[in-house]
Amino acid sequence: MGNTLNDVSLSATDSLATAPLGVNARPMLEMSGIAKSFGTNQVLRGVSLTVAKGEAVVVIGPSGSGKTTLLRCINMLEDYEQGTVSVDGEPVGYALDRAGKRLRMGERDIAAAREKIGIVFQSYNLFPHMTVLKNITAAPIRVKGVPRAKAEVRARDLLAMVGLSEKENAYPVNLSGGQQQRVAIARALAMDPKIMLFDEVTSALDPELVGEVLAAMQQLARDGMTMIVVTHEMSFARDVADRIVFMDGGVIVEEGAPDQLFFAPRTDRVRQFLKRYNDRYRI
Amino acid sequence: MLFDPNFIARLIPALLEGAEVTVELAVLTFLICLVWGLPVALMQAMRGPVAWIAGSYVQIVRNTPLLIQMYLIYFGLSMVGVPLSGFASGLLALCLQNGGYVAEIYRGGLQAVSARQYEAGRALGMRPWTLYTSVILPQMVARVIPPLTNQAISITKDTSQVAAIAVMDVMKISQVWVESSANTYDVFLGVALIYLTLTTIVSLVGRFAEQRLAFAA
Amino acid sequence: MKTFMPLINSYWYLFRGAGMTLMMAGTAVIPATLLGLLIAIAQIFGGRVSRSAIVTYLFVVRGIPLLVLLTFVYYLLPLTGIDLPPFWGVVLVLSVYYAAFMSEVFRAGILSLPRAQWDAAKSLGMTRHQMLQIVIFPQALRLAAPPFVSLCANLVKATSLVSIVGLWELTMASREVVERTLAPFQIFLAAAVLYFCICYSIAAYGKYLERRILVGH
C-alpha cells in the first residue's frame, strides 16, 4: 500500500464509515440513472448519487472517467439522455410526469434551478470586463433582483472570506490564477446556492497557488456547505471529504469514507488507481 | 496654372459644400449600419431559416459591387414605381452593403467571446437577455471597435460612388470642376485633402473609443 | 416573358463584359500582390527611411477613395504626356491601390507567427534570408491566404468603378444595354448576378482555404 496516505488520522473513521444521511433528512442532491453520450462515445452509463445536506463528496478517478461531465449534467450545462437530477427535492433538468415519463423543463425553469447550484470551473471563467466586485454582484443583482447596496455588502463579506478584500476594484486580468479562482468561488457563493460544485478547480494553477484555493474550499466545507468536488488532490480529498466516490468508465466503481476507500479499497480498480497515483507522487 | 489663388478661392467653398453631403452620407450610413448590423448578426447566430435568410443577405450584398446596387435602386426601383432621390438611393445602397459587413464584424466579435463565458453566465442562472446584455455584448463591444473603425473609413470612401447617381457630394463637385476648368491638379489636391482629413478624423475617433471602451486588458 | 426580353437579347454582351472585368482584375492582382509583398517586407525589415515612406503611402492610399484616384489618373495622365492606354492606366491605379491592402494582409500573416518560430530558426543557425524562406514565409503565406482571397473578390467589385471613367467592362456594358433597352431593373439585376457568381466563387474558395488551414493547425 502506498506510503503517502499512511499518516492519515484514523480518529474520524468510525463516525464517517457509514453514509452520514440522517434517517429523516431529505437529500440535498439526488441523481438517478444519468446516462450521457457524446456521439457514439458513452461517457456516463447510469450514474446514481445521493448527497446529504452539509455533506462534502469528493469524486476521483482517471481522466476520461466522466467526472467532469457528471458535474456539468447536474446543472444542465450538458444535456443527458437518461435519468433525473433534483436539488433540495426539486427537479433540475427533467421532471417526471405522473406516468413516470421524463419531460425536459423549460429554459426559464432550468435557469431558475441553476441559481441554487453554484459551480466553479477549472478555467475560472471570470467576466474579464468587470471588476472583481462586479463579477460577484452581477448575477445577484440581474438574476435575483437583490438591491445593489445589499449585494455589495454580501460581496465584500465573501471577498473577506476568500481573503481578497483589497482586490475588489481589480480586473481579473490583473489577478493571479489562485486569486481569480477564489473570486470565482465568491461569485458562485453570492447566489446563495444550496450546493457547490467544484470542477478540477486547482488543475490549471501553479503548484504554489493551489493551497490558497483549497483552503477556501476547506473553510466552506467546515461551514457546512453541501459540495461535490472533482479533483486530483488526494490529500485534500482525504482531509475534507465525508465520502469519496471513485468513477471509471462512466460508472461509480466504488464509494465510501476516505479511510475505507484509500486504505481498504474493495475493488481492484481502485487499488490499481491508488497504486499508480502513489508511485507517481512518492518522493 | 497650378495654385491659381483666384481659382482656389472659388474652389474651396464649392468643395466644402460637397464635403457636407459626404459627411452627412457617411455619418447616417455608419449609424444606421451600427443598429442594423446587430439583428442581422444575432439572426446569423441562430438556427434554421432565420439564419439562412440573414446569411444569404450578407452574402448577396457583400459579393456584388456597391455601384451596381446603387444603379439597381436608383434606376431600377423608379422603373418599378418606387422612385427614390439620388441621395436616398445612395444611402440605401450604402446601408445595405455596409450593414452586411458590420453584421460580419459583430458576428466575429460574438464568436471571439469564449463559450466558457456563456457557460459561466448560464451557471449563475442568467437567462438569455441578462446573459447577452451584461456578459456577452460588453465583451463584444471592446473587440469590434478596431474593425468598426476600419469600416467607418471604408464607408467614408465608399460615399464617393454616389457621384455616379448625380448626388452633389465632394466627388461629383470635383468632377464638375475638373471638366469645366484646366486646374486639374488643384482640384485633385483639394479633394484628396478633404478625404484624408475626414478619414483621419474617423480613425482618431476610433482610437479614442478604443481607449475608452477597452476594459483593463 | 416580355419583361425578360431585353435580357435574352443582350446576355452575350453582358457575358463579354464579365470577361473583361475578370481580365482587368486578373491583370491587376499580379502587380498588386508582388508590390504588397515587397511593401510588407520593407515595412518589417526596412530602415527608418523606407518605413516612413511606406507609412506615408499607406496613409494616403487608405485615406482616399479609389474613385478619386481613378478619376484623376484619367484626367492627369494625358497632362503629363505619358501615353498609356486607358486599360493599363486603370491596372496601374488598381495595383497601387490594392498593394496597400495586400501589404497589410501579408504583414499581419508574418507578424502573427509566434516568436518561438523565429527563435527556433535562429537557434538552428539560419541567416535572416534562410529564416524567411524556409520557416517564416511558408507559414505566413498560409495564414495570409484566406484574407488575400477575399481581397481578390473585393478587387473584382472595385473594377466596376472604372466604368465611371469610361472604361468598358461589365458595369459599363450593363449601362449601355440599359440605355438601349430602357430596362434598368432586369439588366442591373443580371449584372449583379454575374458579379455575385464571380465574387462568391472566389470567396468560397477563401473559406475552403481557411477551413483547410484551421485543420492543419
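Quantities reported herein were computed from a predicted structural model and do not represent experimental measurements. When reading the values below, keep in mind they use all heavy atoms of this one structure, side chains included, and skip hydrogens, waters and symmetry mates. The sequence lines fix the lettering, A, B, ..., with proteins before strands; numbering per chain opens at 1.
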Let me know if [X] has heavy atoms under 4.5 Å from chain C in its side chain, its backbone, both or neither.
X        : value
B/Val202 : neither
B/Leu193 : neither
B/Leu196 : both

Measuring from C/Leu170:CG to B/Ile68:CD1, what's the distance to the nearest 0.5 Å?
6.0 Å

Enter the distance from B/Phe75:CZ to C/Leu182:CG here, rounded to the nearest 0.5 Å.
11.5 Å

Counting heavy-atom pairs under 4.5 Å to chain B, which of C/Ala153, C/Ala203, C/Cys199, C/Cys197 comes out on top?
C/Cys199

C/Val68, C/Val60, C/Ile202, C/Leu66: which one forms the most heavy-atom pairs within less than 4.5 Å of chain B?
C/Val68

Should we count CZ of B/Phe208 as having more than 12 external heavy atoms under 6.0 Å?
no

Quick check on C/Val61 against chain B: is it the side chain, the backbone, both or neither that has a heavy atom closer than 4.5 Å?
backbone

Proximity breakdown for C/Leu67 and chain B, heavy-atom pairs closer than 4.5 Å
both

Mind checking whether C/Ile64 and B/Val191 have side chains closer than 4.5 Å, heavy atoms only?
no

Between these two chains, chain C and chain B, I want each donor-acceptor atom pair under 3.5 angstrom written on its own line with its distance.
{"residue": "C/Arg62", "atom": "O", "partner": "B/Lys157", "partner atom": "NZ", "Å": "2.9"}
{"residue": "C/Gly63", "atom": "O", "partner": "B/Thr199", "partner atom": "OG1", "Å": "3.3"}
{"residue": "C/Tyr75", "atom": "OH", "partner": "B/Glu179", "partner atom": "OE2", "Å": "2.5"}
{"residue": "C/Tyr97", "atom": "OH", "partner": "B/Lys157", "partner atom": "NZ", "Å": "2.8"}
{"residue": "C/Lys157", "atom": "NZ", "partner": "B/Arg62", "partner atom": "O", "Å": "2.8"}
{"residue": "C/Lys157", "atom": "NZ", "partner": "B/Tyr101", "partner atom": "OH", "Å": "2.8"}
{"residue": "C/Arg175", "atom": "NH1", "partner": "B/Tyr71", "partner atom": "OH", "Å": "3.2"}

